[in-house]
Amino acid sequence: MQILAKCPACDAGLPVSAADAPAAIRCGRCGRDISLTFTDALRGDTAVDRCPVCGGAEVYIRKDFNPKVGLTVVIVGAVISGIFYWFGRDLVAYSILAGAALNDLVVYGRLRDVTVCYRCHSEFRGGYARTAAAFDLHTADVLEQEYERRIGRR
Ligand SMILES: [Zn+2]
Ligand SMILES: [Zn+2]
């Protein structure tokens with residue numbers, strides 16, 4: 001399992017392999033030491049039962065989507081179709097635009113889900129079974145505030 005641990009001080013994303021299970025990592029941006037606690041399920045890539053950064057058990061699932069990649073495809077498609085449009089080939093232009101949008105959908109649909117910690121926003125990727133529910137705004141509000149009070153950011 002690959003974990004993107006979020007630094008409690010500066011929110012930098014720090015990649016950690018759960019198989020290595022380091023007891024602590026140092027933030028490359030702000031230099032803060034972050035102690036990590038890995039459960040057996042995390043090490044064995046079987047489940048996300050406890051966040052190694054904040055110790056929270058509440059997580060949600062979202063699509064592992066990189067908006068930058070999708071946007072680039074649409075922009076490139078729009079530019080190419082614009083050129084065809086300029087030369088009066090509307091049908092070609094529209095089909096390229098539709099193709100770019102469709103390609104986006106396919107890429108989006110193929111991506112695996114990523115599990116995210118409600119409190120510290122650390123991300124978990126791996127072959128484990130996705131059992132968590134989708135994002136819930138109310139849960140996020142409550143847990144984020146609790147976490148930020150605990151680490152002294154509020
Ligand atoms: Zn940091
Ligand atoms: Zn967490």
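Just follow the structure's listing: the first ligand is 1, and inside any ligand the first atom is 1. Just so you know, these numbers come straight off a predicted model, no measurement behind them.
For D45 (side chain) and G127 (main-chain N/O), a donor-acceptor pair under 3.5 Å exists by modelled atom type. Although no hydrogens or angles enter the test, the distance criterion places a donor-acceptor pair under 3.5 Å between the side chain of S122 and the main chain of K6. Without hydrogens or angle criteria, R125 side chain to V114 main chain gives no donor-acceptor distance under 3.5 Å.
The angle subtended at the Zn ion (ligand 2) by SG of C51 and SG of C54 is 110°, given to the nearest 10°. With the Zn ion (ligand 1) as the vertex, SG of C10 and SG of C30 span 110° to the nearest 10°. Take the Zn ion (ligand 2) as the corner point: the lines to SG of C120 and to SG of C117 open at 110°, to the nearest 10 degrees.
Annotation: cation-pi geometry not satisfied between R62 and Y60 (NZ/CZ under 6.0 angstrom from ring centroid, within 45° of ring axis).
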